[in-house]
Amino acid sequence: MKDNNWKAWLYLLPALAFLGLFMVYPLVDVLVYSFEEGYNSASQTYFGTGLYNYSYVLHDPYFLQALKNTFILVIITVPLSTGLALLISLALNAIKPLKQLFQTIYFLPYVTNTLAVGLVFMILFKPTPYSDGLVNALIHVFGGNTVDFIDGPYWAKMFVLCFYTVWIVLPFKILILTSSLASVNEDYYKAARVDATPKWRIFTRITLPMIAPMIFYLVITGFIGAFKAYADAVALFGTDLNAAGMNTIVGYVYDMLYGDSGGYPSYAAAAALILFAIVLTITVINLMIRRKLTR
Amino acid sequence: MKIVLRNLTKRFPNRNKKEGGFVTAVNNFDFEIPDGKLVGLLGPSGCGKSTALNLISGLEKPTEGKIFFGEDDVTGLPPEKRGVGLVFQNYALYPHLTVRQNILFPLQNLRGTERPSKEKMEELALEAARMVQIEAYMERRPSELSGGQQQRVAIARALVKRPRVLLLDEPLSNLDARLRLQTREEIRRIQRETGITTIFVTHDQEEAMSICDLIVVMKDGMEQQIGAPQEVYDRPVNLFVAKFLGTPAVSVFEGEVREEKLYIGGNIPVLDVPGVADRPVTAAIRPEGFVPDTVGTLFCVLNRIEIMGRDTSVIATNSHCLNELNTLRAIVDTEEIDEGRMPGSNIISFRLKPNKTHLFDPVTEERIPFGAVPAAAKKTAVPAAAKKTTAPHLPDPVTEERIPFGKELSEKKKSVKHHEG
Ligand SMILES: Nc1ncnc2c1ncn2[C@@H]1O[C@H](COP(=O)(O)OP(=O)(O)OP(=O)(O)O)[C@@H](O)[C@H]1O
Ligand SMILES: [Mg+2]
């Protein structure tokens with residue numbers, strides 16, 4: 001065994017080299033940047049080292065806005081999309097005829113072009129010279145006033161962003177959950193039926209524990225994905241997210257690098273590392289809860 | 001609780017659309033299972049045993065026919081209202097619950113006045129666990145138990161609600177040979193203690209024969225024969241049942257009856273079969289039905305002799321034996337083998353025991369009865385094991401090593417001396 005070890009390392013070398021070059025080195029670099037104060041990318045110089053970048057970012061109102069937006073997005077969309085996906089999967093699992101057809105329909109958004117999805121959202125929410133969008137038309141039917149979902153009040157914009165995010169992540173979650181529901185051995189349900197188990201109890205005591213690992217997987221990846229949200233916001237509100245008040249943390253990082261107010265890699269690095277710390281914390285908490293529940 | 005099946009039929013639509021039609025998994029079951037008995041449902045794979053069990057439990061709805069528990073017609077009742085306990089082939093224990101929680105599960109489903117108090121539930125669960133001797137493992141998860149222990153938990157879970165009927169679907173098929181033996185005795189004991197009418201599905205005929213009060217032999221969805229194991233073994237109604245019961249299986253010959261005598265090839269009769277008209281027949285002979293004997297008239301070529309523990313098998317060839325190699329298998333007393341051997345040749349001659357020889361119609365494969373009153377035949381049939389006079393073993397009570405005695409001892413001495421000399 002020992003003699004063969006160097007061979008194993010040799011086989012791993014290409015992968016390790018690429019990972020080192022494109023993952024580890026940039027990560028270390030970001031860490032270094034975040035402590036270098038007043039770094040100038042043109043002259044590659046800096047004044048000193050310390051926590052100033054972090055302090056700046058944490059006091060920047062744009063960052064705080066982005067932080068708030070991201071948190072709201074995460075807290076609303078992750079439970080909502082997971083819960084919705086679970087409900088839809090349970091329904092899909094319960095029907096017999098046309099099951100395949102419905103599964104395909106629910107999975108379609110996943111393979112649909114982002115631009116097409118964007119178009120759908122325009123039809124739904126965007127006011128044009130001819131109409132105020134489908135949702136507003138509905139609101140009118142119920143006697144409400146027009147709401148501008150794209151340039152209007154904060155809650156309306158947040159609503160659209162959350163709606164969009166849930167819509168985008170739903171198909172994948174449904175796919176995962178329907179397949180994990182289908183993989184639960186039929187005999188458990190038969191045993192439960194023979195024992196006169198009420199429907200609700202079958203769900204909480206058998207189905208949920210059986211698919212719990214998948215739900216945890218979806219929640220963790222959901223958290224990570226939602227914290228990294230950026231493209232969706234751009235698709236809905238354009239590139240100047242700070243002006244729209246709809247920026248996210250990743251959006252802030254991007255702006256600090258390349259945006260109109262950009263050119264501050266140190267601030268970007270600090271913001272990115274704050275995001276990293278948040279995601280890490282949440283993931284660890286998730287895993288701890290999971291361990292506690294499944295022992 | 002007596003179980004009565006009346007014209008019970010279950011057809012599944014055929015998956016293969018091209019073939020069309022139906023698969024008839026259970027075909028016109030019409031028999032009664034008496035109260036308090038352990039009944040074995042026996043048949044080859046795919047013959048509809050599980051389907052029959054699912055019909056009785058209510059998990060499947062019959063296409064036709066009725067099911068009664070005692071006097072109650074339960075045909076339309078859903079499984080939860082039938083009061084059955086079901087043990088699955090893979091036990092279906094909830095993996096995330098402990099043994100205690102698994103056993104408590106059916107009790108916690110009860111509602112209203114039926115629901116016992118918390119203490120009462122614990123008590124009932126413990127009682128069920130004691131019954132199957134798993135009370136020491138109450139806090140474990142199913143994955144931390146052996147197969148046999150899991151199986152017992154599954155039985156405890158099925159018993160805890162005091163079902164009217166206990167159904168077991170191949171509960172032993174996941175266990176190793178030794179554990180199977182042990183566990184089937186447990187099932188027998190538990191059934192005796194509770195007196196619950198129990199149906200036990202298996203494709204292992206030996207399992208069914210050894211513990212059941214009654215066995216039901218099935219083939220292709222149809223009930224072939226129902227009766228006490230020994231009775232079915234001694235008087236199979238058709239060739240399938242004769243072949244299916246007994247290990248090793250019967251040897252089947254093509255033969256002919258002339259003047260109330262059975263001929264298997266040649267012109268010398270091998271057995272008197274009083275009361276059978278002249279006709280071609282299929283003869284099925286149990287391995288213990290062959291007796292090596294110089295006056296025997298079934299001549300075969302001796303292939304080899306196998307000695308396995310208490311059994312001595314003779315493998316021989318006869319051109320009228322209906323299998324690919326024309327070989328038959330006989331189980332004989334070791335001392336008797338030489339009696340049937342022709343000196344200086346490999347021909348062995350057998351005499352046939354009439355109560356171990358069964359005649360069937362070659363076309364319909366139905367039984368053709370003959371001769372002696374079966375009751376009388378039964379009396380003379382002494383179980384082979386009881387007749388054996390092999391030396392008992394005497395293990396030392398502490399070391400459990402073998403202590404040789406008698407002939408063995410003198411042999412040993414001889415060999416020791418030999419070494420010294
Ligand atoms: N849901 C179903 N749909 C269609 N055909 C079925 C269904 N369930 C069983 N069958 C068919 O009915 C027949 C009997 O099946 P069953 O499961 O009762 O056999 P079994 O005797 O229990 O076999 P085994 O010993 O292998 O468990 C088989 O031919 C099977 O293919
Ligand atoms: Mg089966």
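First the proteins, then the strands, lettered A, B, ... as listed; each starts at 1. Atom set for the values below is all heavy atoms of this structure, side chains included, hydrogens, waters and symmetry mates excluded.
- In terms of non-hydrogen atom pairs under 4.5 Å with chain A, the most contact-rich of Leu59(B), Val87(B), Val84(B) is Leu59(B).
- By number of non-hydrogen pairs under 4.5 angstrom with chain A, the leading residue of Gln101(B), Gln89(B), Gln108(B) is Gln108(B).
- A 6.0 Å sphere centred on OH of Tyr91(B) holds more than 12 heavy atoms belonging to other residues, nucleotides or ligands.
- Atom CZ of Phe276(A) is surrounded by 12 or fewer heavy atoms from other residues, nucleotides or ligands within 6.0 Å.
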### Task
For the pair Glu80(B) and Asp195(A), evaluate side chain to side chain contact (heavy atoms under 4.5 Å, CB included) and give the outcome as yes or no after the intermediate values.
CA-CA 6 Å; Glu80(B) 62 268 23; Asp195(A) 289 338; over 6 Å; no
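- You'll find the side chain of Asn90(B) stays beyond 4.5 Å of the side chain of Tyr188(A), heavy atoms only.
- To the nearest 0.5 angstrom, Arg201(A) atom CZ is 4.5 Å from Phe105(B) atom CZ.
- For Arg162(B), the CZ atom is loosely surrounded, since the number of other residues' heavy atoms within 6.0 Å does not exceed 12.
- Remark: Glu193(B) CD is packed, more than 12 non-hydrogen atoms of other residues, nucleotides or ligands lying under 6.0 Å away.
- Under the 4.5 Å side-chain criterion, counting only non-hydrogen atoms from C-beta, Leu86(B) is not in contact with Lys190(A).
- Proximity to chain A involves both the backbone and the side chain of Tyr94(B), based on heavy atoms less than 4.5 angstrom apart.
- Per-residue counts of heavy-atom pairs under 4.5 Å with chain A were compared for Pro163(B), Ala92(B), Pro78(B); the largest is that of Ala92(B).
- Note that CG of Asp187(A) and CG of Asp169(B) are 8.5 Å apart. Values are rounded to the nearest 0.5 Å.
- Contact annotation for Leu93(B): only backbone heavy atoms (N, CA, C, O) come within less than 4.5 Å of a heavy atom of chain A.
- Contact residues of residues 37-58 of chain B toward chain A are Asn54(B), Gly58(B) (heavy-atom distance under 4.5 Å).
- With hydrogens and angles ignored, the 3.5 Å screen pairs a side-chain donor or acceptor of His96(B) with a backbone N or O of Arg205(A).
- Using a 4.5 Å heavy-atom cutoff, the side chains of Arg111(B) and Pro198(A) are in contact.
- Against chain A, no residue from residues 65-73 of chain B qualifies, as none has a non-hydrogen atom under 4.5 angstrom away.
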